[in-house]
Amino acid sequence: PEKRRYAIRGAYRLQNTGSQPISKILLTIRREYSVTELLLAGQKPDQHDARFGTYWFVLDTPLQPGAQLDLQLDLDFQSRGFQNANSDHAIVHNGSFILSNRFFPRLGYREGYEIESARERRKRALPAREETPQSDGEHNNNWRDVAAQIDFEAVISTAADQIALTSGTLVDEWQRDGRRFFHYKMSQPMSAFFGFVSARYAVKSEQHNGVKIDIYHHPQHRHNLAHFFTSAKAALDYCTQNFSPYPFDDLKIFELPQMW
């Protein structure tokens, strides 16, 4: 965080849940990332459009229904200088918050990249854009992508004086080369939407009906912690009674800078 830089190395396992073989796969990665490695089933992209950050893979062997393949990636992001407006606050010296939809490769065609202006489409001899009615549950393509359930495990490293957080239970923690490492793992599948947080936190914990409640807060912001615990316990009790038991072992509440 002290350099306003983060690097992501990971692997995703993709499955063909349809009924037809897949021979081509289109991926989109945010254009501000430096891509060191991007491999799908060991293959490099066949085409890359740097303007839109899109990558086409033509599979040597079509992916059959129910079959799986691995996507490996190595990305780097460096925040440089400052902007007049809409500055990127994902990585800061104290209080970083990186959401998965920033770096998670997006699969398939991106309607958001289409030219919306009817005048501009006529100028370029493009057909009129079809507006497809959407239900309330489909109003945002970002949320459509996270409907699937995933197995999740992550190791995060950060500055030695900060705590790093993400989904799951803390499995292990250690220090090496002046940095602090945290290993998290989910005990069951979760939605494909998560975040990484790093800050100089103080931590207060309580247990409630077998669930560990952790509040990560600015060391000087202690006056309302009791209210947070009371509200969290009431929410757990209400939802358990009216919907289902809380399915996880932990409930994390963390403070973010006001800019969020």
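Values below: every heavy atom of this structure, side chains too, minus hydrogens, waters and symmetry copies.
- Nearest approach of Ser187 to Asp249, heavy atoms of both residues: OG-OD2, 4.0 Å.
- Contact between Ala160 and Gln175 at its shortest, heavy atoms only, is CB-OE1, 4.4 Å.
- Residues Pro21 and Gln64 meet the side-chain proximity criterion, which asks for heavy atoms closer than 4.5 Å.
- With hydrogens and angles disregarded, no donor-acceptor distance shorter than 3.5 Å links the side chain of Gln15 to the backbone of Ala67.
- At least one side-chain heavy atom of Leu236 sits under 4.5 Å from a side-chain heavy atom of Ile213.
- Using a 4.0 Å cut-off between charged nitrogen and carboxylate oxygen, Asp76 and Arg5 count as a salt-bridge pair.
- A heavy-atom distance below 4.5 Å is not found between the side chains of Phe181 and His183.
- Using cut-offs of 30° and 60° for the angle between ring planes, the His221 and His218 rings count as parallel.
- Asn94 places a side-chain N or O within 3.5 Å of a backbone atom of Arg200 that can act as its donor or acceptor partner.
- Rounding to the nearest 0.5 Å gives a distance of 9.0 Å between CG of Leu73 and CZ of Phe104.
- Ile150 and Leu14 end up in the same hydrophobic cluster when Ile, Leu, Val, Met, Phe, Trp and Tyr side chains are linked at under 4.5 Å.
- Between Val197 and Leu256 the shortest side-chain heavy-atom distance falls below 4.5 Å.
- Summarising the geometry, atom CD belonging to Glu111 is positioned 6.5 Å from atom CZ belonging to Arg129; distances are rounded to the nearest 0.5 Å.
- With hydrogens and angles ignored, the 3.5 Å screen pairs no side-chain donor or acceptor of Glu153 with any backbone N or O of Gly168.
- Leu39 and Ile22 are not part of a single hydrophobic cluster, where members link through side-chain heavy atoms under 4.5 Å apart.
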What donor-acceptor contacts under 3.5 angstrom involve side-chain atoms of residues 55-63, with partners at least two apart or in another chain?
| residue | atom | partner | partner atom | Å |
| --- | --- | --- | --- | --- |
| Tyr55 | OH | His48 | NE2 | 3.3 |

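- Residues Pro105 and Leu71 meet the side-chain proximity criterion, which asks for heavy atoms closer than 4.5 Å.
- Environment of CZ in Arg30: crowded, with over 12 heavy atoms of neighbouring residues, nucleotides or ligands closer than 6.0 Å.
- A donor-acceptor pair under 3.5 Å is formed between the side chain of Thr166 and the backbone N or O of Gly195.
- A chain of hydrophobic side-chain contacts below 4.5 Å, direct or via other Ile, Leu, Val, Met, Phe, Trp or Tyr residues, connects Leu251 to Phe228.
- Without hydrogens or angle criteria, Arg180 side chain to Gln162 main chain gives a donor-acceptor distance under 3.5 Å.
- Scanning all heavy atoms of the two residues, the minimum distance from Ala164 to Thr158 falls at CB-CG2, 4.0 Å.
- No more than 12 heavy atoms of other residues, nucleotides or ligands sit less than 6.0 Å from atom CD of Gln220.
- Atom CD of Gln72 and atom OH of Tyr12 lie 12.0 Å apart (nearest 0.5 Å).
- By the 30° and 60° cut-offs, the orientation of the rings of Tyr184 relative to Phe182 is parallel.
- Taking both residues in full, the closest heavy atoms of Arg13 and Asp70 are given as NE-OD1, 2.8 Å, listed atom of the first, atom of the second, then distance.
- Counting heavy-atom neighbours within 6.0 Å of Lys212 NZ, excluding the residue itself, gives a total of 12 or less.
- Here the NZ atom belonging to Lys233 is positioned 9.5 Å from the CG atom belonging to Asn209, to the nearest 0.5 angstrom.
- By the rule that hydrophobic residues join a cluster once side-chain heavy atoms approach within less than 4.5 Å of another member, Leu26 and Tyr33 end up as members of separate clusters.
- Of the possible donor and acceptor atoms, one in the side chain of Arg121 sits under 3.5 Å from a partner among the backbone N and O of Ile115.
- Rounded to the nearest 0.5 angstrom, Tyr216 OH and Ile253 CD1 are separated by 11.0 Å.
- Closest heavy-atom contact between Ser157 and Arg179: O-NH2, 3.1 Å.
- Remark: side-chain polar atoms of Arg31 are paired, donor with acceptor, to backbone N or O of Arg51 under 3.5 angstrom.
- Around CD of Gln241, the count of heavy atoms belonging to other residues, nucleotides or ligands within 6.0 Å does not exceed 12.
- Leu99 is listed as a side-chain neighbour of Phe193, based on a closest heavy-atom distance under 4.5 Å.
- The two residues Tyr109 and Glu114 make their nearest non-hydrogen contact at OH-OE2, 2.7 Å.
- Aromatic pair Tyr201/Phe254: ring centres not closer than 6.0 Å.
- Counting only distance, with no hydrogens or angles, the side chain of Gln78 and the backbone of Lys3 share a donor-acceptor pair below 3.5 Å.
- Atom CG of Leu27 sits about 9.5 Å away from atom OG1 of Thr54, to the nearest 0.5 Å.
- Neither Val171 nor Trp174 shares a network with the other; the hydrophobic side chains, linked directly or stepwise wherever heavy atoms of I, L, V, M, F, W or Y lie under 4.5 Å apart, form separate groups for each.
- In this structure, a donor-acceptor pair under 3.5 Å is absent between the side chains of Thr28 and Arg110.
- Using a 4.5 Å heavy-atom cutoff, the side chains of Phe196 and Ile8 are not in contact.
- The aromatic rings of Phe52 and Tyr113 sit tilted relative to each other, their planes meeting at an angle between 30° and 60°.
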